> 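This structure is in structure tokens; I'll ask about it shortly.
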Amino acid sequence: MDYRTLIDAPSLEAGLNIAADGVKRVLLDCRFNLLQPDAGLALYRQGHIPGALYAHLDNDLSGPITAQSGRHPLPDPKRLAMRLGEWGICPDTQVVVYDDMGGAMAARAWWLLRWLGHERVAVLDGGFQAWVATEGAVSEEAATATDCAPYPYQLKADQVVSSEAVLANLQQPVFTLVDARSPERFHGEQEPIDPVAGHVPGALNRALSENLTAEGLFKSAEQLRTEWLALLDGTAPEAVVVMCGSGVTACHLLLSLELAGLKGGRVYAGSWSEWIRDQQRPVATEING
């Protein structure tokens, strides 16, 4: 069992039912509601994939908010490494992460593990709904982890882009920003979360929902590649920097790029909620371009 991008529900169920195959697995339930931070844990307690541990976006997958940061700063690597150890994640562990939003939250956990250097992590395609649809077992019993040492991470610091780099890029472009928010938020027509509406000037928009089929599964690699190549219009994947409202759902774009065979993209971790902390940074909308 070696999955590094996606795993479908039947494959996960088959893997969990194989006894003593020598593969250590850890499942992380990443369900979360940005407007109701306790809702994900409540859903976990109501029922989750047997053996899954709960990973809270604010408490586990993000760091403390500061006056300069966005809504979901990256966690301290050492602290995250300790948390992975508490969850029983070692270098040889197969990790599977899932949510109930088409991977919007789970992709953050997927990317964070890779940021620390752990490659054997996959998002459950279709999430909890796909698991239930295949009549997979559901448990209300909180899982317990077998602790291991803090994860011996090798941080891939070059995968992260700062606000300063984004600002400099406006004057001397070296990368292309792609924003995962909805078109309505991107164009500044509505903004339900952040105090300022709009987008970084020059950014492209690809809502994360465009990565999914009507059934909530990721599109085929071929279709994703075709769509990405059309959007990027000659831009190399290594020159792509993804963003969103707070750096969480941007990871969904990185996962889709990986599936499309277009590797090398990076993430603007602070994203829109950090960009607007400084009123001197320019903002574009549908009105002003």
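Just so it is clear, the structure is predicted and the values come from calculations on it, not from any experiment. Excluded from the calculations below are hydrogen atoms, water molecules and symmetry mates; all remaining heavy atoms, backbone and side chain alike, are included.
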> Nearest 0.5 Å please: distance from the CG atom of Leu231 over to the OG1 atom of Thr176.
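Going from the CG atom of Leu231 to the OG1 atom of Thr176 covers 9.0 Å.
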> State, with a plain yes or no, whether a side-chain heavy atom of Trp228 is found less than 4.5 Å away from one of Pro237.
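Sidechains of Pro237 and Trp228: no contact.
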> Is it true that, when you exclude Gln190 itself, more than 12 heavy atoms of the residues, nucleotides or ligands shown sit nearer than 6.0 Å to its CD?
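Yes.
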> Establish whether Val96 and Val132 are linked, either directly or via other cluster members, by ILVMFWY side-chain heavy-atom contacts under 4.5 Å.
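Yes, same cluster.
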> Does Gln36 reach the main-chain N or O of Ala39 with its side chain, forming a donor-acceptor pair under 3.5 Å?
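No, Gln36 side chain to Ala39 backbone: no donor-acceptor pair under 3.5 Å.
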> Walk me through whether His199 and Asn205 qualify under side-chain hydrogen bond (donor to acceptor under 3.5 Å, both in side chains).
CA-CA 9 Å; His199 60 269; Asn205 183 217; over 6 Å; no
> So how far is it from Trp110 CH2 to Glu258 CD, rounded to the nearest 0.5 Å?
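Separation between the atoms: 5.0 Å.
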> Around atom CD of Glu184, are there more than 12 heavy atoms of other residues, nucleotides or ligands at under 6.0 Å?
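More than 12 within 6.0 Å, yes.
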> Got Ile89 and Cys148 here, is their nearest side-chain heavy-atom distance under 4.5 Å?
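Side chain of Ile89 against side chain of Cys148, heavy atoms only: no contact under 4.5 Å found.
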> Is Arg206 reaching over with its side chain to a backbone N or O of Glu210, donor-acceptor style, under 3.5 angstrom?
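At least one qualifying donor-acceptor pair exists.
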> Tell me, do Phe175 and Thr235 make a side-chain contact under 4.5 Å, heavy atoms counted?
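Side chain of Phe175 against side chain of Thr235, heavy atoms only: no contact under 4.5 Å found.
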> Are Val123 and Leu257 connected, step by step, through hydrophobic side chains (Ile, Leu, Val, Met, Phe, Trp, Tyr) whose heavy atoms are closer than 4.5 Å?
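Yes; Leu257 is reachable from Val123 via cluster members.
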> Give me the atom names and distance for the closest heavy-atom approach of Trp87 to Leu61.
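Looks like CH2-CD2, 4.4 Å.
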> Does Val200 form a side chain to side chain contact (heavy atoms under 4.5 Å, CB included) with Asp179? I'd like the steps, not just the answer.
CA-CA 9 Å; Val200 177; Asp179 195 319; over 6 Å; no
> Nearest heavy-atom pair of Ala250 and Val267: which atoms, and what distance?
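Shortest heavy-atom contact: CB-CG2, 4.0 Å.
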> Could you tell me whether a side-chain N or O of Asp125 sits under 3.5 Å from a main-chain N or O of Phe218, the two making a donor and an acceptor?
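Side chain of Asp125 to backbone of Phe218: a pair is present.
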> How close do Tyr44 and Ala52 get, heavy atom to heavy atom, and via which atoms?
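It is OH-O, 2.6 Å.
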> Between Tyr268 and Trp275, how do the two ring planes meet: parallel, tilted or perpendicular, split at 30° and 60°?
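Because their plane-to-plane angle is over 60°, the rings of Tyr268 and Trp275 count as perpendicular.
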> Between Leu124 and Leu12, does a side chain to side chain contact (heavy atoms under 4.5 Å, CB included) hold up when you go through it step by step?
CA-CA 8 Å; Leu124 175 60; Leu12 176 60; 4.1 Å; yes
> Considering residues at least two apart in sequence or located in another chain, which fulfil the salt bridge (charged side-chain N to carboxylate O under 4.0 Å, His left out) criterion with Arg4?
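Arg4 satisfies salt bridge (charged side-chain N to carboxylate O under 4.0 Å, His left out) with Asp2 only.
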> Taking Leu53's backbone N and O only, do any of them form a donor-acceptor pair with His48's side chain (distance below 3.5 Å, no angle check)?
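Not confirmed, His48 side chain does not pair with Leu53 backbone.
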> Has the side chain of Arg108 got a donor or acceptor atom that lies under 3.5 Å from a matching backbone atom of Gly103?
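No, Arg108 side chain to Gly103 backbone: no donor-acceptor pair under 3.5 Å.
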> What about Val242 and Trp115, same hydrophobic cluster or not, with Ile/Leu/Val/Met/Phe/Trp/Tyr joined at side-chain heavy-atom distances under 4.5 Å?
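In one cluster with Val242: Trp115, yes.
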> Indicate yes or no: does Lys219 engage Glu227 in a salt bridge with an N to O separation below 4.0 Å.
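Salt bridge between Lys219 and Glu227, a charged N being under 4.0 Å from a carboxylate O: yes.
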> Please round to the nearest 0.5 Å and tell me the distance separating atom CG of Leu253 and atom CG of Leu262.
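Atom-to-atom, Leu253:CG and Leu262:CG are 12.0 Å apart.
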> With a 4.5 Å heavy-atom cut-off, do Leu232 and Val178 have their side chains touching?
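A side-chain contact under 4.5 Å exists here.
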> For a quick test of reading the model, state the closest non-hydrogen atom pair linking Trp272 to Asp194 and the distance between them.
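Closest heavy-atom pair between Trp272 and Asp194: CD1-OD2, 3.6 Å.
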> Do Val138 and Ile49 come close enough that some side-chain heavy atom pair is under 4.5 Å?
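No, too far: nothing below the 4.5 Å cut-off.
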> Kindly write out the residues that satisfy salt bridge (charged side-chain N to carboxylate O under 4.0 Å, His left out) with Asp100, not counting sequence neighbours, or none if the list is empty.
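Asp100 satisfies salt bridge (charged side-chain N to carboxylate O under 4.0 Å, His left out) with no other residue.
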> Check whether His118 reaches the backbone of Leu112 with its side chain - one donor and one acceptor, N or O, closer than 3.5 Å.
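Not confirmed, His118 side chain does not pair with Leu112 backbone.
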> Answer with yes or no whether the hydrophobic clustering places Leu35 together with Met101; edges join I, L, V, M, F, W, Y residues whose side-chain heavy atoms lie under 4.5 Å apart.
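Same hydrophobic cluster.
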> Between Met82 and Tyr151, is the side chain to side chain contact (heavy atoms under 4.5 Å, CB included) condition met? List the steps.
CA-CA 6 Å; Met82 291 183 64; Tyr151 193 89; over 6 Å; no
> Ala104 and Leu208: which non-hydrogen atoms are nearest, and at how many Å?
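That closest heavy-atom pairing would be CB-CD2, 4.1 Å.
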> Just wondering, more than 12 heavy atoms not from Lys78 lying within 6.0 Å of its NZ?
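No.
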> What I'd like to find out is whether the side chain of His252 reaches to under 4.5 Å of the side chain of Leu212, using heavy atoms alone.
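Side-chain contact under 4.5 Å: yes.
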> Side chains of Leu57 and Leu34: closer than 4.5 Å at any heavy-atom pair?
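Yes, close enough: below the 4.5 Å cut-off.
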> Got a second to check how far Ser273's OG is from Met243's CE, nearest 0.5 Å?
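Ser273 atom OG to Met243 atom CE measures 8.5 Å (nearest 0.5 Å).
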> If you measure from the Lys or Arg side-chain nitrogens to the Asp or Glu carboxylate oxygens, is any gap between Glu140 and Arg45 under 4.0 Å?
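Here Glu140 does not pair with Arg45 in a salt bridge, since their nearest N and O are not under 4.0 Å apart.
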> Any link between Leu170 and Val196 through a network of hydrophobic side chains (Ile, Leu, Val, Met, Phe, Trp, Tyr) touching at under 4.5 Å?
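Same cluster: Leu170 reaches Val196 through Ile, Leu, Val, Met, Phe, Trp or Tyr contacts under 4.5 Å.
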> Determine whether Ser62 and Leu74 make a side-chain contact, defined as any pair of heavy atoms from C-beta on separated by less than 4.5 Å.
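No, their side chains stay 4.5 Å or more apart.
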> Heavy atoms only: give me the nearest Cys244-Ala180 pair and the separation to one decimal.
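Closest heavy-atom pair between Cys244 and Ala180: CB-CB, 4.1 Å.
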> Give a yes or no on whether the backbone of Ala260 and the side-chain of Arg225 come within a donor-acceptor separation of less than 3.5 Å.
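A pair under 3.5 Å: yes.
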> Going by the side-chain hydrogen bond (donor to acceptor under 3.5 Å, both in side chains) test, name the single residue among Ser246, Ser69, Ser163 that passes it with Glu274.
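Only one of Ser246, Ser69, Ser163 forms a side-chain hydrogen bond (donor to acceptor under 3.5 Å, both in side chains) with Glu274, namely Ser163.
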> Should the heavy atoms of other residues, nucleotides or ligands under 6.0 Å from CD of Glu135 be counted, would the total exceed 12?
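Not buried by this count: 12 neighbours or fewer within 6.0 Å.
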> Hey, is the main chain of Gly88 close enough, under 3.5 Å, to the side chain of Lys24 for a donor-acceptor pair?
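Yes, because the side chain of Lys24 sits within donor-acceptor range (under 3.5 Å) of the backbone of Gly88.
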> Is the distance between the ring centroids of His56 and Phe32 under 6.0 Å?
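Yes: the rings meet the under 6.0 Å criterion.
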> Hey, could you give me the CG/CZ distance between Asn59 and Arg83, rounded to the nearest 0.5 Å?
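Answer for the CG-CZ pair, Asn59 versus Arg83, is 9.0 Å.
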> Using modelled atom types and a 3.5 Å cut-off, is there a donor and acceptor pairing between side-chain atoms of Asn33 and backbone atoms of Pro37?
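Answer holds: no.
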> Without swapping roles, check the side chain of Trp131 against the backbone of Ala137 for a donor-acceptor pair under 3.5 Å.
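Present.
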> With rounding to the nearest 0.5 angstrom, report the CG to CG distance, Leu80 to Leu155.
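Leu80 atom CG to Leu155 atom CG measures 9.5 Å (nearest 0.5 Å).
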> Only counting residues at least two apart or in another chain, list the ones meeting salt bridge (charged side-chain N to carboxylate O under 4.0 Å, His left out) with Glu215.
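For Glu215 there are no salt bridge (charged side-chain N to carboxylate O under 4.0 Å, His left out) partners, ignoring immediate neighbours.
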> Any chance you could lay out the side chain to side chain contact (heavy atoms under 4.5 Å, CB included) test for Val121 and Arg114, step after step, and finish with the verdict?
CA-CA 8 Å; Val121 53; Arg114 291 164 62 91; 4.0 Å; yes
> Salt-bridged, Glu13 to Arg25, with N to O below 4.0 Å?
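The answer is no: the pair does not qualify as a salt bridge.
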> Can you see whether Tyr98 has Arg31 sitting over its ring - NZ or CZ less than 6.0 Å from the centre and within 45° of the normal?
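Because its charged atom misses either the 6.0 Å distance or the 45° angle limit, Arg31 does not stack over Tyr98.
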